[in-house]
K.L.:
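A single structure is presented below for examination.
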Protein chains: 2
Amino acid sequence: MTTIKDVAKLSGVSMSTVSRVMNAPESVRADKREKVEKAIRELRYYPNALARGLISKRTETLGVLIPDVSNPYVSEVIRGMEDAAHSLGSNLILCNTDRNQERMINYLKVLKEKQVDGIIYTSEPFTADFHKLFEEFNMPVVLASTQSIEYEIPSVKINDEKAGYDAGMYLIRKGHYKIGMISGPIEDPIAGYTRYSGFKKAMSEILPMETIDAWIEFGSYRYEDGYEAMKRLYKKQPEVTAVFVASDEMALGAISYLHQIGISVPEEVSVLGFDNTKIAKMCIPKLTTIGQPMYDIGQKAVFKLEALLNSEELDELRSYLDHTIVERDSVKELSRKLYSNW
Amino acid sequence: MTTIKDVAKLSGVSMSTVSRVMNAPESVRADKREKVEKAIRELRYYPNALARGLISKRTETLGVLIPDVSNPYVSEVIRGMEDAAHSLGSNLILCNTDRNQERMINYLKVLKEKQVDGIIYTSEPFTADFHKLFEEFNMPVVLASTQSIEYEIPSVKINDEKAGYDAGMYLIRKGHYKIGMISGPIEDPIAGYTRYSGFKKAMSEILPMETIDAWIEFGSYRYEDGYEAMKRLYKKQPEVTAVFVASDEMALGAISYLHQIGISVPEEVSVLGFDNTKIAKMCIPKLTTIGQPMYDIGQKAVFKLEALLNSEELDELRSYLDHTIVERDSVKELSRKLYSNW
DNA sequence: GTGAAAGCGCTAACAA
DNA sequence: TTGTTAGCGCTTTCAC
């Protein structure tokens with residue numbers, strides 16, 4: 001292994017001068033600088049980041065805590081993070097927590113030991129327990145695709161309640177008035193309760209509040225959950241003409257159930273998804289869905305963490321990026337509209 | 001920041017003793033050990049992995065070079081890698097190369113500087129150029145979901161040629177004899193040419209070799225490629241009853257085209273996919289597909305790299321894991337079989 | 001503008 | 001069993 005010492009020897013200068021050509025080249029006289037640069041090339045010298053980090057207290061490495069990389073939603077967020085990190089000269093250490101507290105604590109410990117500059121906690125509710133943990137480890141944290149209301153932690157996500165509201169209003173505007181929902185777990189304060197209550201707010205424009213819950217089923221965002229929830233919903237409300245589903249994956253499960261019992265989407269029942277993951281445009285029918293800017297969420301989270309590390313002023317503690325409505329083929333416009341002036 | 005010195009002081013022993021309780025506890029007398037452990041807990045001391053790595057020449061960190069995390073196939077491989085790494089006490093640094101040589105070189109440089117123990121190069125052909133690069137950087141490498149024939153580099157993948165052959169034979173066995181293929185690029189020696197030639201070999205059992213190519217189109221594994229390739233194939237061979245498609249994503253594109261022109265899958269045309277990514281069981285019809293053990297590929301690649309780092313004997317340089325045929329709903333059995341005794 | 005030397009936090013001889 | 005000391009490879013004063 002070649003070290004700074006070898007470079008110094010070969011180029012006939014001191015270690016400090018070699019260090020200078022790497023960190024402040026303009027402070028070294030041109031002739032020496034060139035000699036050093038030549039030696040670096042010849043010896044294929046690469047400075048040891050461990051030694052450097054030991055002094056600088058910076059590793060240019062970020063830890064990313066995610067539930068599971070193989071989740072299509074998460075993997076797009078990560079992609080945004082990695083691009084942002086790359087553009088800033090940092091790297092990402094990937095940690096799949098599997099929602100397992102023990103595994104998470106273990107990662108936190110290792111990341112601390114490896115001296116990562118900061119951590120991004122992604123896509124899972126941030127509980128009081130976690131907050132205590134992070135306090136203990138005392139590392140800069142940014143939340144991506146999640147947030148904390150009780151604690152002052154920087155975060156980046158969409159406005160899920162508004163998204164739920166917009167979803168409901170979209171279906172209403174399309175002429176539906178027998179509208180169901182397959183929500184995430186109501187105990188999930190990030191993507192569950194928020195979208196649920198936004199949807200209910202929209203529904204309250206056409207329905208008495210008390211009756212809305214009869215049109216809502218729940219599931220944990222997975223395909224199978226969507227299938228089962230749709231089954232329950234349909235048995236309860238066979239007149240339903242449109243369903244808002246809180247994730248694309250569940251939406252596919254719901255469509256699968258409808259398809260199985262011979263109900264066509266969107267001709268007989270419309271389905272509105274959530275996320276706009278890649279699958280949404282590959283299935284039949286192509287999914288109309290609430291689009292999250294996953295890449296941007298990841299990217300912004302990293303930029304925010306970087307700003308935090310450089311103790312720059314944060315423009316806002318909790319950032320909310322815009323969602324969109326991506327219109328494709330799974331929602332049908334009903335001709336007989338309830339409010340035709342909309 | 002608390003260091004080993006602080007722990008030594010508080011527990012009234014020397015730094016070496018503290019070091020020992022962390023690395024060889026049994027070599028320290030119980031009473032002192034307990035004192036040290038208590039101090040560690042009280043001070044919330046975490047050893048600095050940079051300092052340790054500087055000495056041990058090990059960082060317990062691996063670099064992973066992948067084209068793109070947000071690719072569903074890749075993200076499953078990564079998941080296997082990460083679990084394996086975690087079980088071995090290592091971490092993964094994620095590097096999206098985007099098939100961009102410059103970006104890859106940059107990553108290699110940084111990974112070298114950060115003293116990662118080794119690198120896993122994933123899912124892209126390993127060219128002579130890359131080999132030269134890796135030689136220059138002189139870091140242990142394992143290939144995952146790809147391989148090198150010319151160079152002696154450990155690798156883990158499936159036997160793509162056999163998989164292509166099995167795919168063809170499967171369709172023949174299902175009674176088809178007007179069988180098309182949508183292949184990956186023939187210049188891709190990993191997943192393109194291999195599956196293509198395996199398929200041709202199978203077809204040669206029912207067709208003269210010269211005519212087979214008239215039934216094959218090409219695409220770069222993406223949805224849109226599948227759509228376009230299916231269009232070309234269908235125009236050329238409207239009598240086709242089954243198509244083997246070299247990726248699930250392309251298969252979905254192919255199905256989309258067929259659906260659009262009113263041809264139902266599998267009633268009129270059967271489609272056999274490749275990979276068995278998560279989407280395969282979420283679409284309609286659910287995809288019958290050649291299943292790759294993505295998780296296992298990732299896992300095994302990491303274990304292999306670890307063995308390499310510990311200079312253990314590798315049981316085999318190039319590992320080939322088994323593929324499977326996952327039967328779902330997109331392939332129909334034709335009653336009028338060509339070889340009814342099969 | 002350049003070099004010598006101290007030190008980042010840790011481990012590993014070597015003594016004791 | 002334990003402590004002292006010399007580094008690991010680098011940056012950073014501080015003189016010159």
Side-chain angles (χ1 to χ4, degrees), chain A residues 1-37 39-40 43-61 89 109-117 138-139, chain B residues 1-37 39-40 43-61 89 109-117 138-139:
Chain A
M1 206 207 168
T2 71
T3 73
I4 198 172
K5 223 172 177 170
D6 303 314
V7 177
K9 200 173 293 173
L10 181 62
S11 48
V13 300
S14 72
M15 284 164 48
S16 346
T17 299
V18 177
S19 176
R20 280 185 200 105
V21 327
M22 298 191 312
N23 302 309
E26 65 290 350
S27 74
V28 176
R29 235 179 32 220
D31 58 328
K32 294 212 174 188
R33 195 198 314 152
E34 278 153 27
K35 258 189 203 147
V36 170
E37 280 162 349
I40 287 179
L43 295 172
R44 296 192 201 300
Y45 166 70
Y46 297 97
N48 186 322
L50 301 183
R52 179 178 285 171
L54 202 50
I55 299 167
S56 69
K57 307 294 179 203
R58 268 272 217 166
T59 54
E60 311 301 339
T61 304
K109 181 168 157 290
V110 176
L111 292 175
K112 174 100 187 174
E113 295 186 356
K114 294 198 175 171
Q115 314 294 123
V116 299
D117 300 328
N138 185 33
M139 297 164 79
Chain B
M1 204 206 169
T2 71
T3 74
I4 198 172
K5 224 171 175 172
D6 303 315
V7 177
K9 199 174 294 173
L10 181 62
S11 47
V13 300
S14 73
M15 284 163 48
S16 353
T17 299
V18 178
S19 177
R20 279 184 202 105
V21 326
M22 298 191 312
N23 302 310
E26 65 290 351
S27 73
V28 175
R29 232 176 38 219
D31 59 329
K32 295 213 173 188
R33 194 197 316 151
E34 278 154 27
K35 258 190 203 148
V36 170
E37 281 163 349
I40 287 179
L43 296 172
R44 295 193 203 300
Y45 166 70
Y46 297 96
N48 185 322
L50 300 183
R52 180 178 286 170
L54 203 51
I55 299 166
S56 69
K57 309 292 178 203
R58 269 272 217 166
T59 54
E60 311 300 340
T61 305
K109 182 168 156 290
V110 176
L111 292 175
K112 173 98 186 173
E113 296 187 356
K114 293 198 175 169
Q115 313 295 122
V116 299
D117 299 328
N138 184 34
M139 296 164 80

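Lettering of chains follows the sequences in order, A, B, ..., and the numbering in each one begins at 1. Side chains included, hydrogens not; waters and symmetry mates left out as well; all remaining heavy atoms used.
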K.L.:
Return the nearest nucleotide to the side chain of B:Ile55; candidates are D:dC10, D:dG7, D:dT11.
P.N.:
D:dG7

K.L.:
In whole angstrom, give the distance that lies between atom CD of B:Glu26 and atom P of D:dT1.
P.N.:
10 Å

K.L.:
To the nearest Å, how far apart are A:Ile4 CD1 and D:dT12 P?
P.N.:
11 Å

K.L.:
Mark yes or no for whether B:Ser19, through its side chain, and B:Met15, through its backbone, hold a donor-acceptor pair below 3.5 Å.
P.N.:
no

K.L.:
Expressed as a whole number of angstroms, how long is the span from B:Lys35:NZ to D:dT1:P?
P.N.:
17 Å

K.L.:
Using heavy-atom distances to pick each residue's nearest nucleotide on DNA chain C, tell me which of A:Ser27 and B:Val18 is more 5'.
P.N.:
A:Ser27

K.L.:
Could you tell me the boundaries of the chain A footprint on DNA chain C, defined by atoms under 4.0 Å from its heavy atoms?
P.N.:
C:dG1 to C:dG9

K.L.:
Going by salt bridge (charged side-chain N to carboxylate O under 4.0 Å, His left out), name the pairs with one or both residues in residues 44-57 of chain B, residues two or more places apart or in two chains.
P.N.:
A:Glu136-B:Arg44

K.L.:
Taking the nucleotide of DNA chain D with the nearest heavy atom to each, does A:Asn48 or B:Val13 sit closer to the 5' end?
P.N.:
B:Val13

K.L.:
Starting at CZ of A:Arg52 and ending at P of D:dC8, how long is that distance when rounded to a whole Å?
P.N.:
18 Å

K.L.:
In whole Å, what is the span from the CE atom of A:Met1 to the C1' atom of D:dG7?
P.N.:
15 Å

K.L.:
Is any side-chain N of the basic residue among B:Glu113 and B:Lys109 closer than 4.0 Å to the acidic one's carboxylate O?
P.N.:
yes

K.L.:
Report, as yes or no, whether the 6.0 Å neighbourhood of atom NZ on A:Lys112 holds more than 12 heavy atoms from other residues, nucleotides or ligands.
P.N.:
yes

K.L.:
Check whether any side-chain nitrogen or oxygen of B:Arg29 sits under 4.0 Å from OP1 or OP2 of D:dT1, and answer yes or no.
P.N.:
no

K.L.:
Any donor-acceptor pair, under 3.5 Å, between the side chain of A:Ser16 and the base of D:dT11, if you only look at N and O atoms?
P.N.:
no

K.L.:
Mind checking if A:Ser19 touches a base, just sugar-phosphate, or nothing, with heavy atoms under 4.0 Å?
P.N.:
base

K.L.:
Would you say A:Lys57 places a side-chain N or O within less than 4.0 Å of OP1 or OP2 belonging to D:dT11?
P.N.:
no

K.L.:
To the nearest 0.5 Å, tell me how far A:Arg20 CZ sits from A:Arg33 CZ.
P.N.:
13.0 Å

K.L.:
What I'd like to find out is whether the side chain of A:Thr3 reaches to under 4.5 Å of the side chain of A:Asn48, using heavy atoms alone.
P.N.:
no

K.L.:
Tell me: OH of A:Tyr45 to C1' of D:dG9, nearest whole Å?
P.N.:
7 Å

K.L.:
Check whether any side-chain heavy atom of B:Lys35 lies under 4.5 Å from a side-chain heavy atom of B:Val13, and answer yes or no.
P.N.:
no

K.L.:
Looking at A:Thr17, A:Ile40, A:Val28, which hits side-chain contact (heavy atoms from CB on, under 4.5 Å) with A:Met22?
P.N.:
A:Ile40

K.L.:
Might you list the N or O atoms of the protein lying below 3.5 Å from N or O atoms in nucleotides 14-16 of chain D, with each pair's distance?
P.N.:
none

K.L.:
For DNA chain D, whose closest nucleotide is more 5', that of B:Gly12 or that of B:Ala51?
P.N.:
B:Gly12

K.L.:
Rounded to the nearest 0.5 Å, what separation is found between the CG atom of A:Leu50 and the NZ atom of B:Lys114?
P.N.:
10.0 Å

K.L.:
When you measure from the side chain of B:Thr59 to the backbone N and O of B:Gly53, does any donor-acceptor pair fall under 3.5 Å?
P.N.:
no

K.L.:
Roughly how many Å is it from CD in B:Gln115 to P in D:dG9, rounded to a whole number?
P.N.:
9 Å

